[in-house]
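What you are looking at is a predicted structure, and each value in this text was computed from that prediction instead of being measured.
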There are 2 protein chains.
Amino acid sequence: MPKRNCQGQGWWHGKFRGCGYRLTAGREVILDILSKSQGHLSAEDIYMKVHPKYPNIGLTTIYRTLDVLSNLGMVYKLDFGDGRARYEFAEGPKGAHHHHHLVCTDCNRVVDYADFINEEIELLRQTEKGLGAKYNFKITDHVIQFYGLCGKCSTKK
Amino acid sequence: MPKRNCQGQGWWHGKFRGCGYRLTAGREVILDILSKSQGHLSAEDIYMKVHPKYPNIGLTTIYRTLDVLSNLGMVYKLDFGDGRARYEFAEGPKGAHHHHHLVCTDCNRVVDYADFINEEIELLRQTEKGLGAKYNFKITDHVIQFYGLCGKCSTKK
DNA sequence: CTCCTTAATGAAAATGATTTCCATTTCTAA
DNA sequence: TTAGAAATGGAAATCATTTTCATTAAGGAG
């Protein structure tokens with residue numbers, strides 16, 4: 001079980017090899033699905049999309065591959081608090097993309113928002129710096145999420 | 001299984017009765033433990049503290065009680081991404097207290113921070129308002145968490 | 001104070017996402 | 001080609017949380 005830490009080097013092609021991972025058929029398929037899908041897919045969502053074409057790729061491999069991709073920074077692993085992780089293809093090098101979400105606690109719909117992002121990022125940068133110094137933390141990531149009821153769910157009650 | 005929504009009324013005593021819940025011995029014990037403990041306890045942590053004195057209170061009851069308390073707004077349910085929920089006694093009415101955290105991804109230590117809180121809260125207020133209007137969401141909660149390595153964990157590597 | 005309805009309880013079983021095990025297959029570098 | 005390391009899939013294991021179900025207890029009515 002390799003535990004390499006190989007983030008922030010080159011990009012995409014050759015990244016696997018460069019980090020000592022093998023770019024297998026299964027991994028390419030999963031990466032392909034992810035790069036073509038919009039939104040946030042669970043491991044099982046991915047399995048469902050992969051299975052019809054490649055029935056010999058098991059759910060275990062999906063999980064393992066997602067773990068590798070996440071380590072490589074090619075995929076973000078997201079937690080919306082409903083007990084199942086979601087994965088999102090990373091369009092560029094880690095850190096370039098901010099993923100802030102608005103989650104409906106009733107239907108689990110997720111909105112990726114980009115509004116207010118600039119102010120947020122600026123505040124985050126400062127806070128991260130300040131907190132890191134004060135509490136001696138090496139901060140690597142953050143989560144900002146708003147929870148509530150979406151239009152449909154709040155009217156249907 | 002009652003599903004009452006009874007937040008934001010009176011406070012503490014009489015809250016149970018007022019919402020149609022019974023104030024049982026088990027619930028009082030759990031509430032007592034929570035109010036006296038500093039920090040974030042998991043269901044099992046609470047079970048461990050309760051069990052010596054009240055060995056007849058089962059883990060199931062802990063879970064059920066935490067659910068009720070959380071519904072009543074007397075306890076916050078927190079998710080630090082390690083697959084087990086933590087609970088924190090709510091010192092006052094819901095919304096009065098902001099709980100922002102700094103989490104070590106290695107040892108799971110959690111720092112509650114209050115620095116930068118004012119700027120954060122102000123930005124949150126604006127963002128919440130703006131997002132709620134734009135995406136027609138009734139926003140009720142938010143999560144802000146920073147992840148990284150604490151001093152100990154980043155040096156021991 | 002006692003009765004009665006209904007909520008609350010505990011133990012054990014079920015759930016469901018994720019991991020681990022292990023025997024087999026596939027790469028890859030020499 | 002060939003040995004050694006990685007990757008794989010299926011089944012079994014994990015582990016926090018929930019559900020089931022038969023039993024107990026709370027608390028309002030009388």
Scan [X] against the nucleic acid and name what it touches under 4.0 Å (heavy atoms): base, sugar-phosphate only, or nothing.
X       : answer
B:Ala25 : nothing
A:Thr24 : sugar-phosphate
A:Arg22 : base
B:Arg27 : sugar-phosphate

Report the distance from atom [atom1] of [X] to atom [atom2] of [N], rounded to the nearest whole Å.
X       : N      : atom1 : atom2 : result
A:Leu23 : D:dT8  : CG    : P     : 10 Å
B:Leu59 : D:dT17 : CG    : P     : 9 Å
B:Ile57 : C:dA11 : CD1   : P     : 11 Å
A:Glu28 : D:dT8  : CD    : P     : 12 Å
B:Leu41 : D:dT17 : CG    : P     : 13 Å
B:Arg86 : D:dA16 : CZ    : C1'   : 11 Å
B:Ile46 : D:dT17 : CD1   : C1'   : 14 Å
B:Leu78 : D:dT17 : CG    : P     : 12 Å

Practice item. For A:Ala85 and for B:Val68, locate the closest nucleotide of DNA chain C by heavy-atom distance; then report the residue assigned to the nucleotide nearer the 5' terminus. Key: B:Val68
Review point. OP1, OP2 of D:dT17 versus side-chain N and O of B:Tyr63: anything below 4.0 Å?
Key: yes
Exercise for review: Examine D:dG28: is either OP1 or OP2 under 4.0 Å from a nitrogen or oxygen in the side chain of B:Arg17? Give yes or no.
Suggested key: yes
**Study point:** Separation of B:Phe16 CZ from B:Leu23 CG (nearest 0.5 Å)
**Key:** 5.5 Å
Consider the side chain of [X], meaning its heavy atoms from C-beta on, and name the nucleotide among [options] that approaches it most closely.
X       : options                : value
B:Thr65 : C:dT9, D:dT8, D:dA7    : C:dT9
B:Arg64 : D:dG27, D:dT8, D:dT20  : D:dT20
B:Thr60 : D:dT17, C:dA17, D:dT19 : D:dT19
A:Glu44 : D:dG28, C:dA17, D:dA16 : C:dA17

Point to revise | A:Tyr47 or B:Asp67, whichever maps to the more 5' nucleotide of DNA chain D | key: A:Tyr47
**Study point:** Short side-chain donor-acceptor distance under 3.5 Å, A:Glu44 and A:Tyr63
**Key:** no
Exercise for review: Give the cluster check for B:Tyr87 versus B:Leu31: same hydrophobic cluster or not, with ILVMFWY residues linked at side-chain heavy-atom distances below 4.5 Å.
Suggested key: yes
Practice item. Report the relative orientation of the aromatic rings in B:His142 and A:Phe146; use parallel for angles under 30°, tilted for 30 to 60°, perpendicular for over 60°. Key: perpendicular
Point to revise | side chain to side chain donor-acceptor pair (under 3.5 Å) between A:His101 and A:Asp112, intermediate numbers included | key: CA-CA 5 Å; A:His101 303 104; A:Asp112 282 65; 3.2 Å; yes
